[in-house]
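To start, the structure under review is shown below, and the notes come after it.
Below, chains carry the letters A, B, ... as their sequence lines are ordered, and counting in each starts from 1.
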Amino acid sequence: MIRDQLLDAVRQGMVALGVADPPDSIVVERPARREHGDWSTNAALVCSKIVGTNPRELGQALADYLEANRPPHVDALEIAGPGFVNFRLAPTWLHDVLVEAVTAGPDGYAKPNLGDSSSVNVEFVSANPTGPLHAGHGRWAAYGDSLCRIFARCGYAPHAETYVNDRGVQINTYAGSLLARKNGEPVPEGGYQGEYIIEWAGEMPDDITTPSEAAGWGMEFALNDQKEALAAMHVAFDTWSSERAAVDAGLLDSALQRLKEGGHVYEDGGATWLRTTDFGDDKDRVLIKSDGDYTYLTPDIGYHENKFERGDLVIDILGADHHGYVARMSAALQALGHPKDAYEAIIGQNVKLMRDGAEVKLSKRAGDIVLLSELVDEVGPDVARFAYLMQSIDTSLKIDIDLLKKESSENPVFYVQYANARIHAIGRKAAELGIERQPLADTDLGLLVHERELDLLRVVSELPDVLESACADRAPHKITAWVRELAAAYHGFQHDCYVLRDDVPADLQQARLWLVESARVGLTIGLDLLGVHAPESM
RNA sequence: GCCCCCGUAGCUCAGUGGAUAGAGCAUCGGUUUCCUAAACCGUGUGCGGCAGUUCGAUUCUGCCCGGGGGCACCA
């Protein structure tokens, strides 16, 4: 890659200038402003202290060295600002990017091996089996699924998992609520008030009369409902883990036993405690209540321990209301002997759903929830996923349902989908005209010199870096942002550069057809990472 | 009181230890005998505040202010 070639040259230059061991903080990057060249290095600023000269002088010396030992594609060098060395490259470096992209294709371009096949277990959604998924859950579904796609492309072996809390008090509450509604009675105090309970109770067979029967039937019904909603969004899990099954399999007992053997457990006030403060938690946590029942934490520890069988790295994707959970789970897993960095919790901020200009509450106990299935029905899985992935997971997400339903330029999804449709329209039109793309080797890419053409290739060239960063930062929204940039560059290109019109010379036409292909490769990869399908015509 | 996230343009959000901080929408104006105008081009205001670290801070650290979410022998 061009950047590595430039960086190598810069580092060699610094060695030649007396920096025995050039620091890693030397970078070659794309300057924010085009006037500052195609690439730029901070080497002189970083190394000036080591050499004892001022950055501008060192920069000049570096520029002189590079002038004499010119890396590929470099047209001109200049020193600027406080001591940056800027590279101006011939367009040939972008033509190389085109060749790389279309040769590797959607399966091979932008495929960094960061994970070296190590496995990563990603748990997300994990809703209680006591009701339907609401529109807020969609964020975790879209995020988790996209993150797994990113991991997979970056050389990891991801395992998508969701956890079903199918035991505990909320199940009894749920069963009680179902039975009460079945009998036409108001739900008990603290029960589930949602409209769906009435509806679901109506579907419950008459021979179900006991709480335990209602619980069994209700959980299965809820799970099926959730699976349908996720399937409509094209989200699938490798594993659905049942809390009850984990307890029955003895995962809880064996984890508890090992914690005791490790000396991390003590009794106090009739309860059994885990000394999580030894591993950074701010207070110890109860494992077994004084009434003999486990807290929610205890089976969760057993379950998390078990997840290491399905991942070298275990990641939980949790809502902001669970952030207090992280320190105790991390402490428990460390007490079981796992390295601190083998467990990672990603805390996502909440979803605010707007409809008719007002916020819609998403609480399951309140009446008017917007179901995930409703949202996906209304706008489709692609629009929904794109909307969920537009923002950083660290920010609360406002989703305006009215806006998503509008198929207009106010809705960014269509901008991207339209770019995809136009790319494919070129292909259709070319076929209609009997124009075929000739072998790449016979194509003169040197004809691609229009600013729009080069801008498009610049965006294509950035995908590998964007992907690495999206993976390292667990940030699918960086892919969304890149896809929007690519669409913008493509629309700009297509506006100013004709491909198939009569007056386009045949050799330029060929080069542009390959350019369109490189955009197709990039867009295909980007949209696939988001799990968003784009229609070939609109 | 403690913990987590956020505070960037009128709105919704990107972004970065660096050289003049971006995009979409909204406003106003312009572009089409031509591969989808669902497009393109032009048009202004902005890093909540105060210190510190640094050659350089919107970015890192501390404090303050503001918004959201947590602080159970609930899950």
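Atom C1' of nucleotide B/A23 and atom CD of A/Q391 are separated by 13 Å, given to the nearest angstrom. Distance CG (A/L318) to C1' (B/G69): 13 Å, rounded to an integer number of Å. Per the geometry, CG belonging to A/N411 stands 11 Å off C1' belonging to B/C25, to the nearest Å. Taking atom CZ of residue A/F414 and atom P of nucleotide B/A39, one finds them 11 Å apart after rounding to whole Å. Atom CG of A/D394 and atom C1' of B/A14 are 13 Å apart (whole Å).
Of the candidate nucleotides B/C13, B/U31, B/G15, B/G15 has the atom nearest to the side chain of A/K478. Of all nucleotides listed (B/C35, B/A19, B/A75), B/C35 comes nearest to the side chain of A/V499. Nearest to the side-chain atoms of A/K49 among the listed nucleotides B/C55, B/G24, B/U20 stands B/C55. Taking every side-chain heavy atom of A/Q170 into account, B/A75 is the closest of B/A72, B/U12, B/A75. Looking at the side chain of A/H477, the nearest of the listed nucleotides B/U20, B/A39, B/G15 is B/G15. When distances are taken from the side chain of A/R422 to each of B/A39, B/C73, B/C35, the shortest belongs to B/A39. The nucleotide whose nearest atom lies closest to any side-chain atom of A/M538 is, among B/A38, B/C74, B/C55, B/A38. In the set B/A75, B/C73, B/C13, the nucleotide with an atom closest to the side chain of A/T395 is B/C13. The side chain of A/Q349 has B/C5 as its nearest neighbour among B/C5, B/G69, B/C40. Across B/G70, B/U20, B/A39, the shortest atom-to-atom separation from the side chain of A/R33 is found for B/U20.
Taking the centre and axis of the six-membered ring of A/Y498, the NZ or CZ atom of A/R501 falls inside the cone set by 45° and 6.0 Å. In this structure, A/R3 forms no cation-pi arrangement with A/W39, as its terminal cationic atom is not both closer than 6.0 Å to the ring centre and no more than 45° off the ring axis.
A gap of 12 Å separates the C1' atoms of B/C25 and B/A9, to the nearest Å. For the C1' atom pair drawn from B/U54 and B/A72, the interatomic distance equals 45 Å after rounding to whole Å. Spacing between B/U59 and B/A14 at atom C1', rounded to whole Å, works out to 14 Å. Here the separation of B/G44 from B/U53, taken at their P atoms, is 38 Å to the nearest Å. Comparing B/A19 with B/U58, their P atoms sit 10 Å apart, to the nearest whole Å. Rounded to whole Å, the separation between the P atoms of B/A26 and B/C11 comes to 16 Å. Rounded to the nearest Å, the gap between the P atom of B/A39 and that of B/U27 is 15 Å. When the P atom is used for both B/C64 and B/C3, the distance is 10 Å, rounded to whole Å.
Map A/L500 and A/G269 each onto its nearest nucleotide of RNA chain B; the residue landing nearer the 5' end is A/L500. For A/E29 and A/L297, each mapped to the nucleotide of RNA chain B holding its nearest heavy atom, the one lying further toward the 5' end belongs to A/E29.
Taking each heavy atom of A/L500 and A/I435 in turn, the nearest pair found is CD2-CD1, 3.8 Å.
Residue contacts shown for A/I347 are absent, as no nucleic acid heavy atom lies under 4.0 Å away. Residue A/V169 is classed as a sugar-phosphate contact, given heavy-atom separations below 4.0 Å to backbone atoms only. As judged by a 4.0 angstrom heavy-atom cut-off over every strand, A/R452 is placed among residues touching the sugar-phosphate backbone only. At a threshold of 4.0 angstrom between heavy atoms, the contacts of A/H36 include nucleobase atoms, whether or not backbone atoms are also involved. Nucleic acid contact class of A/K429 (heavy atoms, under 4.0 Å, all strands): sugar-phosphate only. A/P31 comes within 4.0 angstrom of a base, heavy atoms only. Using a 4.0 Å heavy-atom criterion, one finds that A/D284 contacts no nucleic acid atom at all. Among the heavy atoms of the strands lying under 4.0 Å from A/Q494 is at least one base atom, whether or not backbone atoms are also near. Across all strands, A/S392 comes closer than 4.0 Å only to sugar-phosphate atoms, never to a base (heavy-atom distances).
Pair assignment for B/A19 gives none, since no Watson-Crick or G-U wobble pairing has each distance under 3.5 Å. The pairing partner recorded for B/C40 is B/G30, the criterion being a Watson-Crick or G-U wobble arrangement whose two distances lie under 3.5 angstrom. Nucleotide B/C50 has B/G62 as its partner under the Watson-Crick or G-U criteria, with both atom distances under 3.5 Å. Look at B/C2: its Watson-Crick or wobble partner, with both distances under 3.5 angstrom, is B/G70. Nucleotide B/C25: paired with B/G10 (Watson-Crick or G-U wobble, both distances less than 3.5 Å).
Classification of the A/Y174-A/Y192 ring pair by plane angle, with boundaries at 30° and 60°, yields perpendicular.
The number of heavy-atom neighbours closer than 6.0 Å to CG of A/D502, taken from other residues, nucleotides and ligands shown, is 12 or below. The number of heavy atoms from other shown groups lying within 6.0 Å of CG (A/D268) is above 12.
For A/D496 against B/A39, a side-chain-to-base donor-acceptor contact under 3.5 Å is absent. At a cut-off of 3.5 angstrom, counting only N and O atoms as typed in the model, there is no donor on one side facing an acceptor on the other between the side-chain of A/Y296 and the base of B/C74. Put simply, the side chain of A/S290 and the base of B/C73 share a donor and an acceptor less than 3.5 Å apart. In this model, a side-chain donor or acceptor of A/S40 finds a partner on the base of B/A19 within 3.5 Å. No hydrogens or angles were tested; on distance alone, a donor-acceptor pair under 3.5 Å links the side chain of A/H323 to the base of B/G69.
Between A/T272 and A/Y266, every side-chain heavy-atom pair lies at or beyond the 4.5 Å cut-off. For the pair A/I347 and A/I317, the minimum side-chain heavy-atom distance is 4.5 Å or more.
Taking side-chain N and O atoms only, A/S396 has no distance below 4.0 Å to OP1 or OP2 of B/C13. A sub-4.0 Å separation between OP1 or OP2 of B/C74 and a side-chain N or O of A/Y325 is absent.
Using a distance-only test at 3.5 Å, with no hydrogens or angles considered, no donor-acceptor pair links the side chain of A/S177 to the main chain of A/V187.
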